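What follows is one structure encoded as structure tokens, with my remarks underneath.
Since the model is a prediction, treat every value here as computed from it, not as a measurement. Numbered from 1 within each chain, the chains take letters A, B, ... in sequence-line order.
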Amino acid sequence: MELDSLYQEVILDHYKRPFHKGLSGTPTKQVHHVNPSCGDEITLNIELDGDLIRDVNWDGVGCSISQASVSIMSELLIGKSVDDAFKVVEEFTELMQSKGSILGNEEVLEDAVAFAGVSKFPARIKCALLGWMAFKDAASQGLSQQVKGEK
Amino acid sequence: MTFPLLDAHLIKKDFPIFDRVMRGGNQLVYLDSGATSQKPLTVLDAERQFYTQHNAAVHRGSYLLAEEANESYDNARQVVATFLGGKFEETIFTKSATEALNLLAYSFGNSPHGDRFFLQPGDRIVVSEMEHHANLIPWQQLAKRTGAELAWFPITSEGRLDQSEINTLINDRTKIVAITHQSNVLGTINPLSELIARTHEVGAVFVLDACQSVPHFDIDVKELDIDFLAFSGHKALGPTGIGVLWGREALLEIMEPFLVGGSMIETVTMTDSTWAPLPRRFEAGVPNMAQAVGLSAALKYLDAVGLERIHQHELELTRLALGFLSEIPGVSIVGPTDLLDRGGVVSFTIDGVHPHDVGQVLDQHGIAVRTGHHCAWPLMRKLGVVGTTRASFYLYNTPEDVESLVDGVKSVQSYFKV
Ligand SMILES: Cc1ncc(COP(=O)(O)O)c(C=O)c1O
């Protein structure tokens, strides 16, 4: 069924048991993003040590796609450098805009390739991207904050 | 199941869109008329006829086509006026209900000091917690611009307007009361008589958001004794791009224009202008003529079927939906669960499944519903839900559509294993 290409098993698993959910630690930066068309909301914390992403945690309400996406993303990006993380974000964004024409690079995206099917459902792309956009925002702000030495 | 009153299967045949095949090879089960209605062929034909036979800019040329365009546009206005129980001069075409409500808010905001509609700190505008953003934000922002205070009727836990504090809420300083006739989320039809009586008692004006009522049941502006009414054509079988503001003539006469430009003037010099008489004073620019003609065809279609029959039909579908859905474990109805003062809108939540996911699975069965906050974010917060799934019914919906919805909801639960 067409639906199964959207709701991959790994997505439903992360939805039921999300990773890194619940705000904790001492974040370098906290951001709050909303999806005004459906009302989904996310608060995301990032903890940086120089260029290293020590932790990402988050809380929010949203559909299975948005919740699973941020769960998989957190798992994927913790421990990476911000530069490397941004490359992953870029790759993921490209996958979302592909209208189903690419499968996604599993070496870079790992479990996040499960969202390839989402790109065929235009109304759901924003759901999948919500957490990633929040991360990008938090990481950029966190970085420049450190540069200015206001950590 | 049979409906002695209205044969929706037959009506469906007038709407070409129901021939489409949806995802999964399914027939279209359209349960989103609260967002926008589908269009019967007669409406599309009326628009096409205007373009192919009579197209010219109204109020301008002196040639045959321009005369015919004027006549078509005037006739359309008369049809709308009669449909509402108002007068030709009182019926203003806008692009939507949203524009109609903004027209009011900006016109009031433009009122000079001392004028009836002039607002200042201490004055009050009253809305309700169940308003669509279109009947909240124009007033909220008008209050901000003028320093007036925004107050609102709360809702009861059942999703009805709580009028218990009516006399303190609508106080002597109240200038405007703007309330929806039927909630687009809860289906609640608000009883208006006390609200309107109290509004007039304190010398304020009553604005009715009739987006969810005009298309679905009989209303008469004179009988209701309201001052202003707004609705959108596209929710009433009409085209997009056409809406209506109805206003009491004596009030429109003293209101400031909102949009200014061509068509709405009497005389113009480089430094000053005077305004055309009603209704043109509030219709700047070349209007949406074909859409107005399309809307009049839509209202004629509704009249021919009969608004009372449509309302009874929708109530029967609502009765079925409420009955079936409330029997499913894990499904909660959001809004009144009985048929008292209720229209054909049923909102619900499913435990463990976000509305967006509900809508996605239903879509796989060809079922179109609305999911999310329904442009009523404050109401969602009050209800303590992130959003709902909403089925809204219209004259072309059948009992089988309701059964499809109910089966669809069950398949959502089994898909997400809740
Ligand atoms: C109750 C209510 N008011 C106002 C509106 C706004 O209508 P439009 O977007 O056509 O201007 C809607 C449409 O959803 C509505 O349901």
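The local environment of OH in B/Y106 is sparse, with at most 12 non-hydrogen atoms from other residues, nucleotides or ligands closer than 6.0 Å. For A/I102, the CD1 atom is densely surrounded, since the number of other residues' heavy atoms within 6.0 Å is greater than 12. By the neighbour-count criterion of 12 heavy atoms within 6.0 Å, atom CD of A/E110 is densely surrounded, having more than that number from other residues, nucleotides or ligands. Atom CD of A/Q141 is surrounded by more than 12 heavy atoms from other residues, nucleotides or ligands within 6.0 Å. A 6.0 Å sphere centred on CD of B/E158 holds more than 12 heavy atoms belonging to other residues, nucleotides or ligands. In this structure, B/K12 places its NZ atom where more than 12 heavy-atom neighbours from other residues, nucleotides or ligands lie under 6.0 Å away. Counted within 6.0 Å of CZ on B/R23, heavy atoms from surrounding residues, nucleotides or ligands total more than 12; the atom is thus considered enclosed.
The two residues B/F416 and A/S64 come nearest to each other via the heavy atoms CE2-OG, 4.2 Å. For the residue pair B/H356 and A/C63, the shortest heavy atom distance occurs at CB-CB, 3.7 Å.
Neither the backbone nor the side chain of A/S66 comes within less than 4.5 Å of any heavy atom in chain B. Contact annotation for B/V358: neither backbone nor side-chain heavy atoms come within less than 4.5 Å of a heavy atom of chain A. The contact between A/Y15 and chain B is made entirely by side chain atoms (from C-beta outward), counting heavy-atom distances below 4.5 Å.
In this structure, B/K417 and A/K16 have side chains that are in contact, with non-hydrogen atoms separated by less than 4.5 Å. A 4.5 Å side-chain heavy-atom check between B/Q360 and A/I65 finds every atom pair outside the cut-off.
Side chain of B/H373 to main chain of A/P36: a donor-acceptor pair is present (N/O by atom type, distance under 3.5 Å, no hydrogens or angles).
Among the candidates A/D4, A/L3, A/L6, the single residue satisfying the side chain to side chain contact (heavy atoms under 4.5 Å, CB included) test with B/Q364 is A/L3.
When B/V361, B/V353, B/D357 are compared by the number of non-hydrogen pairs under 4.5 Å with chain A, B/D357 comes out ahead.
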